[in-house]
Amino acid sequence: MNEQVTVFLQHAFNGISMGAVYALIAAGITLVYGLSRIIHFAVGELVMLGAFIALSVWNWSGEFWLGLAVAVPALALIGLVTERAVFRFTLREPLTGFIVSLGLILILQGTAVEIWSPNPQYSQPPLEGSWDVAGVLLRKQAVVNFAIVVAVLALCYLVLMKTTFGKSLRAVSDDPGAAALMGIPVRTIIMTTFVIGSALAGIAGWMVLTLGLITPFVGAIYVLRGFAVALIGGLGNIQGAALAGIGLGVAESLAAGYVGPGWTDAYVFGAVVLILLWRPTGLAGGSEGAKL
Amino acid sequence: MLEIDDLEVRFGHVHALRGVTLEAARSEVLVLIGPNGAGKSTVLNSVSGLCEPSSGRVRIEGADLTGHSPREVVRAGVTLVPQGRRLFGSMSVRENLELGAYTHKGERNAQAKTVNKIARWAEFFPEVGQRLSTQSSLLSGGQQQIVAIIRGLMSEPRMLMMDEPSIGLAPIVVKRIGEEIRRLNRESGIGIVMVEQNVEFALTVADRVAILVHGRVVHVAPPAALRDPALLAHYFFGDASAPPPTGGKT
Amino acid sequence: MKTNQIILHAAVAAALAAGSTAVWAQGKKGVVKIGINETLSGKFVAVGTPPSVAIRLAIHEINDKGGFKVGDTTYTLQPVEVDNRSEGPGVVAGMTKLIEDEKIKIIFGPTVSVLANQAQEMTVPAKVIHLSAAGSWQSLGYLNDPKKPLLFGTQNPLNALARTEIAAVKELGAKKVAYFSADDDTTKGNMGPFLAEAKAAGIEVTTILFPYATADFSSFVSRAKAAKVDSIHFLHPQNSAPNVLRAAVELQAIPKGFSGRQTGAAAALKLAMGKPVPVPYVSAQSTPDLDYPSTPKVKAYAERLRNTGIDLGYNVTFSFFTYDFVHMMAAAMTKAGTVDDTAKIAAVFGSMTYDGVAGKICFATNPRASQYDGTLVSVRNGKVSAKPVPSPCK
Ligand SMILES: Nc1ncnc2c1ncn2[C@@H]1O[C@H](COP(=O)(O)OP(=O)(O)O)[C@@H](O)[C@H]1O
Ligand SMILES: [Mg+2]
């Protein structure tokens with residue numbers, strides 16, 4: 001293969017690890033915001049907690065994959081608790097929910113610092129090496145992460161489109177008042193999206209762990225991008241989140257590979273602003289959020 | 001089947017309902033009319049559990065459902081087709097109808113029954129039946145109203161409440177909907193409680209008309225007794241607390 | 001944060017208790033307070049803790065031996081520590097306390113550049129001897145400034161660091177190297193001397209700067225590979241070195257190997273859960289290495305530091321930014337015959353050579369930066385070897 005093509009494909013492939021993380025976080029954001037209209041900014045800290053829980057379980061058990069198996073239900077539980085203890089009281093005032101989530105960021109970071117110390121923690125995931133496909137080196141962990149995201153988001157998509165639960169969830173997103181009139185338990189559905197969104201953040205956290213380095217402050221990297229991806233993908237739109245997430249990861253990687261790498265953030269958010277000016281409901285189209 | 005007894009509703013310092021008492025039977029079409037802001041929607045919303053009355057009672061077939069959730073009200077047999085249709089715009093017509101049957105979820109053969117019901121209504125309203133897979137927000141206003149009504153019927157209510165079904169629709173569509181409403185009442189035995197601004201339409205569809213002014217029911221009569229413009233003008237534009245004019249056209 | 005402070009305070013209490021058991025020589029006694037203004041909580045806690053702990057350790061050792069003599073008076077040292085919480089206002093409040101309330105004449109810290117810049121604005125007019133490893137004191141010219149004669153940099157001068165780094169690149173036999181570092185001021189201050197030393201050594205450099213918080217380095221490594229480099233040389237942040245190294249190995253980007261400043265051997269050894277990195281690896285260190293000591297003195301010091309029971313984490317070598325200088329300062333006061341004439345103490349301190357844990361230590365004149373032994377720690381096939389790069393001090 002032409003060397004320049006190989007390099008281009010390598011750069012493009014390099015983006016899928018981060019893209020996978022963005023897609024998962026954005027899918028959670030899309031669900032939670034789509035139903036509650038709460039800008040849940042602490043989602044980055046949920047990712048961070050997922051990473052630390054997975055790391056602790058891995059250190060304790062020696063089983064890398066057990067970290068994933070524990071982080072997901074643990075985060076689902078955290079999602080449930082935060083919804084029951086806090087966010088359900090802010091559903092009529094999503095702005096209050098946003099402010100509460102800012103407070104939650106501090107609480108969760110502080111808790112993580114207490115438990116795991118502020119020092120960076122390393123992890124060297126056992127799945128090492130890469131596959132050589134026509135000169136393009138596919139890092140094994142990246143391929144696995146990508147596969148997990150595809151599987152998880154496909155499952156989410158099927159549940160949303162095909163099951164009664166998924167349909168009632170979309171109905172609440174479209175119009176919670178009308179959904180209530182159908183006898184749909186709106187509050188329970190909203191609670192469930194907090195649980196699902198947090199569980200997705202748990203998977204994302206484990207993935208962040210596979211990248212190698214975590215600190216209690218790692219959430220900040222992901223939350224803005226997660227929201228950017230959710231907006232570009234169209235709120236309430238899982239496929240949109242998946243495509244936009246991977247797209248953002250690849251775009252960042254190409255920028256880092258070819259252009260001044262220090263400016264990737266600027267390019268990325270410049271693109272986000274342009275896209276949203278051009279298509280306010282995102283590239284793939286989405287709802288404008290529920291009116292509660 | 002539906003009894004509303006001395007219902008009061010406040011929104012902050014807005015006293016929306018000030019002691020509304022009404023009854024509706026399954027055998028009739030009851031239409032609530034009244035000026036804008038009189039509290040008509042609030043009556044329906046209070047029955048369906050969307051807003052919480054500060055006092056008074058709502059009974060369905062004798063059971064007290066005051067302040068219960070919309071889910072329990074639907075299960076008790078009363079379903080509201082809300083003002084403005086409120087279809088799930090991103091979803092197909094079929095999905096909207098499936099969600100109408102949400103309270104039957106978990107019953108035996110629920111899915112098969114839902115499919116049957118959709119098929120039956122699709123036959124009944126072919127213009128909707130041909131568009132089951134269309135995204136609901138792409139339908140015309142009339143079609144959307146029909147979908148909203150069928151969606152309400154999917155829960156198999158004994159009484160259907162409708163909030164301004166004629167609004168924004170062409171006269172010919174309004175006429176058609178009026179006919180369907182009466183047919184539902186006569187042939188399927190579904191009680192109808194309807195709120196209308198379109199008085200002409202109200203009078204052709206109703207068996208009984210209740211006039212609501214400033215959160216109070218000021219008059220209940222068969223439509224024939226209300227074909228007097230002076231009387232209506234009195235309630236809609238005049239001083240509702242004064243006694244109504246008796247007889248004579250102006 | 002809180003836990004750290006509690007541990008620190010406990011360690012201090014233990015140190016002081018041990019000190020009080022010492023047998024004192026008869027005669028006049030005095031106490032010299034040593035100020036510490038460090039990032040003991042907040043964002044930079046990992047940077048500020050090792051220098052602070054090392055100061056306490058040195059003070060404890062000096063006092064334990066009965067102190068030091070100045071004229072006919074025997075002095076002991078007393079640490080007075082403030083936590084600036086890694087924030088500017090904390091630095092200012094801390095300096096106010098140390099200078100105005102405690103009347104302290106010798107202050108260490110902060111180590112973080114932006115905070116140290118702010119701190120010296122207060123110590124210079126107060127004529128306080130102020131020591132910090134902050135790289136910015138060198139790059140901004142403070143250590144060359146005749147108006148700031150009492151500022152002392154406790155890191156090797158940038159060109160000495162760069163020389164050690166190029167020695168590491170040469171050790172790998174690389175002719176074309178990718179210089180990896182975060183896109184920030186620290187990098188800008190260090191890159192110039194590195195490029196100059198590389199040019200002098202005939203080594204071609206491709207610079208690759210990444211955003212500070214980068215998690216996945218694949219794209220940057222691929223960029224280096226596309227530029228056909230022999231090796232990667234990594235500057236900072238050190239936390240990211242293992243990730244860059246791993247990406248470089250998996251993407252087969254570094255035929256000659258990997259080098260880095262202060263990256264230590266741990267990264268190379270732990271790359272894949274205990275399995276050593278399959279390429280040659282050299283860490284260029286501005287200080288001796290505590291895990292792989294190159295002299296018996298370093299070995300004994302590492303032991304003493306471990307005995308404090310405080311986990312100093314990745315930045316443990318930052319303890320060299322203070323430890324020897326506390327001992328050296330006591331020696332300077334003895335030699336100068338004063339504990340409060342800061343100009344006189346500084347003149348002696350700045351021109352003497354002290355035989356410390358980090359080798360022969362002395363200050364260069366322009367900039368007034370300390371010079372001590374550097375180290376090259378090499379890892380090949382899982383075997384670690386350390387060799388000192390001796391300081392030019394006589
Ligand atoms: N959710 C609400 N919050 C505050 N005021 C309301 C609300 N819903 C209705 N109202 C007020 O209650 C009164 C009755 O409203 P409504 O029942 O919608 O009237 P109608 O349907 O007869 O036009 C109006 O003054 C309206 O502004
Ligand atoms: Mg109304």
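Here is the naming used below: chain letters follow the sequence lines, and residue numbers restart at 1 for every chain. Keep in mind that what you see is a predicted model, and the values were worked out from it rather than measured.
- A 6.0 Å sphere centred on CD of B:Glu127 holds more than 12 heavy atoms belonging to other residues, nucleotides or ligands.
- Looking only at side-chain heavy atoms (C-beta outward), B:Thr79 and A:Leu181 stay at 4.5 Å or farther from each other.
- Residue contact with chain A, scored on non-hydrogen atoms closer than 4.5 Å, involves the backbone and the side chain of B:Thr103 alike.
- A pairwise comparison of heavy atoms in A:Gly177 and B:Arg86 identifies CA-NH2, 3.5 Å as the closest pair.
- Considering only heavy atoms from C-beta on, A:Met182 stays 4.5 Å or farther from B:Val74 through its side chain.
- Using a distance-only test at 3.5 Å, with no hydrogens or angles considered, no donor-acceptor pair links the side chain of A:Asp175 to the main chain of B:Phe88.
- Around atom NZ of B:Lys113, more than 12 heavy atoms belonging to other residues, nucleotides or ligands sit under 6.0 Å away.
- With chain A as the partner, the residue from B:Arg75, B:Lys105, B:Met91, B:Arg85 showing the most heavy-atom pairs under 4.5 Å is B:Met91.
- Heavy atoms of other residues, nucleotides or ligands lying less than 6.0 angstrom from CD of B:Glu107 number more than 12.
- Of the atoms belonging to B:Leu99, heavy atoms from both backbone and side chain fall under 4.5 Å from chain A.
- Heavy-atom neighbours of B:Phe125 CZ from other residues, nucleotides or ligands within 6.0 Å: above the threshold of 12.
- Between the OG atom in B:Ser92 and the NZ atom in A:Lys167 there is a gap of 7.5 Å [rounded to 0.5 Å].
- Atoms OG and CG, on B:Ser136 and A:Asp174 in that order, are 7.5 Å from each other to the nearest 0.5 Å.
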